[in-house]
Amino acid sequence: MRTSYVVRIEVPLEEFRRTLAGLDGAVLHRELSPGRVVVLGDRPLGTLLPGLAGVVGVTADLPRPLD
């Protein structure tokens, strides 16, 4: 099962994309707004993402009903 996280970053998106490429099983899904992205993982990444360069916050993206 894939996990989803909203990640706040303080580096340019392309720099974060390169950093994330080194984390096995993690995929940049989309940019929400400048400084916020959604990252998907094939395994729980909540303890690994905060340690990446340029990351200032990580929140588990919980499923919610569609309107």
Q: With sequence neighbours excluded, what pairs up with Ser4 under the side-chain hydrogen bond (donor to acceptor under 3.5 Å, both in side chains) test?
A: Asp61

Q: Apply side chain to side chain contact (heavy atoms under 4.5 Å, CB included) to the pair Leu48 and Arg43, showing each step before the final yes or no.
A: CA-CA 11 Å; Leu48 299 174; Arg43 58 192 170 102; 3.2 Å; yes

Q: Testing Val37, Val38, Val7 one by one against Leu32 for a side-chain contact (heavy atoms from CB on, under 4.5 Å), which residue passes?
A: Val38

Q: Check this for me: Arg2, atom CZ, are more than 12 non-hydrogen atoms of other residues, nucleotides or ligands nearer than 6.0 Å?
A: yes

Q: Say whether Phe16 and Val6 are linked into one hydrophobic cluster, either directly or through other cluster members, by side-chain heavy-atom distances under 4.5 angstrom.
A: no

Q: Assess the residue pair Val39 and Val27 against the criterion (side chain to side chain contact (heavy atoms under 4.5 Å, CB included)); give the C-alpha distance rounded to whole Å, side-chain angles, the decisive distance to 0.1 Å, and a yes or no.
A: CA-CA 6 Å; Val39 174; Val27 177; over 6 Å; no

Q: Drop me the distance from Leu49's CG to Thr59's OG1, to the nearest 0.5 angstrom.
A: 11.0 Å

Q: Shortest non-hydrogen contact from Leu20 to Leu52?
A: CD1-CD1, 4.1 Å

Q: I want to check something: taking the side chain as every heavy atom from C-beta on, are Val56 and Ile9 in contact at a cut-off of under 4.5 Å?
A: no

Q: Quick one: side chain to side chain contact (heavy atoms under 4.5 Å, CB included) partners of Thr3, sequence neighbours excluded?
A: Tyr5

Q: Please step through side chain to side chain contact (heavy atoms under 4.5 Å, CB included) for the pair Leu45 and Leu40, ending with a clear verdict.
A: CA-CA 9 Å; Leu45 301 170; Leu40 301 178; over 6 Å; no

Q: Which pair of heavy atoms, one from Val55 and one from Pro50, lies closest together, and at what distance?
A: CG1-CA, 4.0 Å

Q: Residues two or more places apart in sequence or in another chain: which of them pass side chain to side chain contact (heavy atoms under 4.5 Å, CB included) with Arg18?
A: Glu14, Glu15

